[in-house]
There are 2 protein chains.
Amino acid sequence: MSQRDFVSADEVARRAGVSRSAVSRAFTPGASVSDTTRQKVLQAAEELGYQVNHLARGLMRNESGIVCLIVSDVATPYRSTLLRELTLQLQLAGKVAMLINTDRSDGSVNRALEQAIRYRADASVILSGLPDKSITELCLRSGQRLVLINRDEDQSGAFHINLDDREAAGRVVTAFVRAGCSRLAFANSEAGTPSLMAREAGFIAAAKEQGLDVIVERHGSTGYEAGRVVAQRLLTRKERPDAVFCATDLLACGLMDAARHQFSLSIPQQLCIVGFDDIEQASWSSYRLTTFAQPIGAIAREAVAWLSQGGVADGRSLTLQADLIWRDSVRGG
Amino acid sequence: MSQRDFVSADEVARRAGVSRSAVSRAFTPGASVSDTTRQKVLQAAEELGYQVNHLARGLMRNESGIVCLIVSDVATPYRSTLLRELTLQLQLAGKVAMLINTDRSDGSVNRALEQAIRYRADASVILSGLPDKSITELCLRSGQRLVLINRDEDQSGAFHINLDDREAAGRVVTAFVRAGCSRLAFANSEAGTPSLMAREAGFIAAAKEQGLDVIVERHGSTGYEAGRVVAQRLLTRKERPDAVFCATDLLACGLMDAARHQFSLSIPQQLCIVGFDDIEQASWSSYRLTTFAQPIGAIAREAVAWLSQGGVADGRSLTLQADLIWRDSVRGG
DNA sequence: GCAGCATTTGCACACGCTTGCAAAAAGCGC
DNA sequence: GCGCTTTTTGCAAGCGTGTGCAAATGCTGC
């Protein structure tokens with residue numbers, strides 16, 4: 001390692017002609033310092049380029065200001081948007097985001113949480129995967145807060161934020177029926193995430209209430225390519241579906257492209273499609289996809305509000321509604 | 001704050017029946033411990049759920065293991081892909097990424113770097129914006145390493161990674177000419193980033209060499225909507241361009257959609273388009289955009305290799321080539 | 001001027017770890 | 001067993017900060 005030499009509070013104290021504790025207090029909101037000394041300190045700090053050492057501060061205060069964001073598939077439109085919103089809100093709350101990528105292998109969520117503990121993160125937000133109970137309990141036991149977004153397994157003590165996937169799925173059935181569709185299909189990935197499965201189950205259940213069956217196709221991971229593959233399977237059936245609910249917008253885009261360019265179907269005349277997430281591409285004029293908007297802003301705000309509140313925060317569960325955005329991929333919007 | 005109670009090295013030492021230093025050494029690769037004590041320690045640690053406190057370790061070692069990634073527009077396809085690659089490489093190198101979002105206002109890059117100093121980050125990677133020289137000097141003076149990606153201003157002591165934008169732009173002119181185009185245009189945003197401007201200047205220069213003029217239109221920020229607006233301006237001219245080089249793929253997608261759906265032009269027959277970045281959407285079958293692939297993997301690898309090398313790392317500059325990916329938006333690929 | 005009070009200041013300890021140093025233990029050849 | 005070298009171990013100092021406590025300072029009203 002090259003020699004590192006940051007300026008310390010001592011140097012600032014010497015330059016300002018005060019004690020080191022005065023420096024410390026000058027940088028602590030609400031501490032007992034006179035205005036004149038605080039000014040002296042701040043000026044000396046400015047001149048020297050002093051910045052409080054948050055490692056040391058975190059060590060003392062037992063509060064690092066760090067919040068771990070545990071994510072896979074960061075490059076995905078939905079994930080990256082949520083990431084943007086979370087980092088923004090965290091910064092507004094005076095925290096800082098530590099990003100842990102869990103793309104490789106699967107025990108990696110556990111390893112991510114261990115990392116969070118090592119850096120004494122105040123909280124961790126889990127956007128992907130599911131940690132083992134043993135480790136989440138370790139987190140909670142050490143006083144670290146835990147937020148789980150769209151992964152409904154019940155971890156007592158943690159804060160769960162979920163969407164009402166079943167309710168949304170029900171509305172899709174209604175929309176399809178109203179559009180005159182009767183051969184319903186559901187396009188999913190093989191990821192098997194709780195929220196994806198809830199959309200599937202909700203869709204099937206609501207269809208059954210209308211006396212309709214649902215063809216389910218699942219393939220690969222939740223992306224554009226999987227949508228094309230699923231389209232291949234669905235649209236070559238003898239009884240071709242006339243309405244497909246896709247578990248995510250990416251699947252929908254892939255499916256839509258295949259339907260149009262490969263099967264020459266026109267949408268929504270011959271095929272109605274609904275997606276989920278309302279990623280940016282859903283509004284592009286090549287797609288104009290009818291889909292559900294995740295309340296990403298609200299999710300981020302709620303998460304940060306909960307994890308930065310003082311005192312003991314007990315676990316709870318919050319269910320938000322997804323807004324149906326009508327565009328042009330379903331007849332009769 | 002709720003009471004935080006992490007298990008400390010003392011407890012592990014007591015349980016394992018050794019001294020606290022033994023615990024410390026057991027977790028330090030290459031330290032002088034016998035195998036038997038190391039095992040005793042590791043087992044006790046396992047049982048108690050002990051994790052080394054990296055704040056304290058960082059304080060002592062003067063090396064936090066933290067690398068700050070300073071980014072705006074994280075939700076953008078290109079940025080989020082780069083982010084994914086960087087976090088992955090950092091983790092492989094035993095570092096951890098601290099993500100700082102500079103979406104709000106502009107001095108925020110400076111504030112991001114201050115944050116990096118506060119957490120004693122080993123290095124910072126700047127993907128957006130340009131920090132003031134005063135603060136980057138402060139970083140370098142404190143022994144913090146600096147990597148700048150695609151922002152060519154010369155900060156001595158830092159590591160600059162750039163693409164050969166001008167060379168790429170030259171190849172676009174060649175491709176357009178070979179396709180029989182003669183009315184060239186360049187679509188840009190008003191961001192004015194060095195790399196965007198280099199593409200513009202390079203394109204104009206190369207066109208001039210062929211005796212061709214270029215119509216330049218710039219609008220807004222570098223996104224899909226801007227592409228639509230620019231299309232509006234370019235395609236309503238009396239002398240409509242027959243080839244447009246877009247500074248980014250997002251601009252290209254917007255422009256392409258407008259050209260097709262609003263002006264009913266067929267691509268590439270009536271209009272050739274080239275983009276830049278090779279975002280995922282460029283390969284979607286609605287676009288099949290001919291574009292330049294940024295060597296994102298190489299960028300991330302080089303960046304991480306440089307910032308995690310031991311000893312003194314002196315500033316240098318690396319220029320990488322962008323690969324031209326031929327798809328269907330230019331005639332005669 | 002002084003007593004009485006509120007505010008400000010400095011000292012010194014604590015936070016959890018790493019590491020140089022010297023002492024203890026282990027290994028080795030005889 | 002003894003001298004010797006090599007490895008392992010514990011002690012204690014230090015990293016840069018926050019904060020309780022007691023001493024010091026500044027006010028106020030007389």
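Below, read A as the first sequence line, B as the second, and so on, with proteins coming before strands; counting in each chain starts at 1.
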Completion exercise
side chain to side chain donor-acceptor pair (under 3.5 Å) filter on B:Glu85, not counting sequence neighbours, yields none
Completion exercise
The complete set of ring pair (Phe, Tyr, Trp, His ring centres under 6.0 Å) pairs with one or both residues in residues 38-58 of chain A, sequence neighbours excluded, reads A:Phe27-A:Tyr50, A:His54-B:Tyr119
Handout entry: Pairing residues for B:Ser128 by the side chain to side chain donor-acceptor pair (under 3.5 Å) criterion, not counting sequence neighbours
Key = B:Ser72, B:Arg79
Exercise for the section: Starting at the 5' end of nucleotides 17-22 of chain D, put B wherever the base has a protein heavy atom under 4.0 Å, S where only the sugar-phosphate does, and a dash everywhere else. Expected result: BBBB--
Handout entry: Side chain proximity check, B:Ile149 to B:Ile126, heavy atoms < 4.5 angstrom
Key = no
Practice task
Please list, in 5' to 3' order, the outermost nucleotides of DNA chain C lying under 4.0 Å from any heavy atom of chain A.
Solution key: C:dT8 to C:dG16
Exercise for the section: Under the salt bridge (charged side-chain N to carboxylate O under 4.0 Å, His left out) rule, collect the residues that match up with A:Asp132, sequence neighbours excluded. Expected result: none
Exercise for the section: Sequence neighbours left out, what passes salt bridge (charged side-chain N to carboxylate O under 4.0 Å, His left out) with A:Arg38? Give chain and number order. Expected result: none
Practice task
Apply salt bridge (charged side-chain N to carboxylate O under 4.0 Å, His left out) to B:Glu47 and list each qualifying residue two or more places apart in sequence or on a separate chain.
Solution key: B:Arg15
Handout entry: With A:Gln91 via side-chain contact (heavy atoms from CB on, under 4.5 Å) - residues at least two apart
Key = A:Thr87, B:Ile100, B:Asn101
Exercise for the section: Go through residues 33-46 of chain A and report each residue with a non-hydrogen atom lying under 4.0 Å from DNA chain C, sorted by number. Expected result: A:Val33, A:Ser34, A:Thr37
Practice task
Output all residues satisfying side chain to side chain donor-acceptor pair (under 3.5 Å) with B:Ser19, sequence neighbours left out; order by chain, then residue number.
Solution key: B:Ser21
Practice task
Check salt bridge (charged side-chain N to carboxylate O under 4.0 Å, His left out) between B:Arg118 and all other residues, then give those that pass, not counting sequence neighbours.
Solution key: B:Glu114
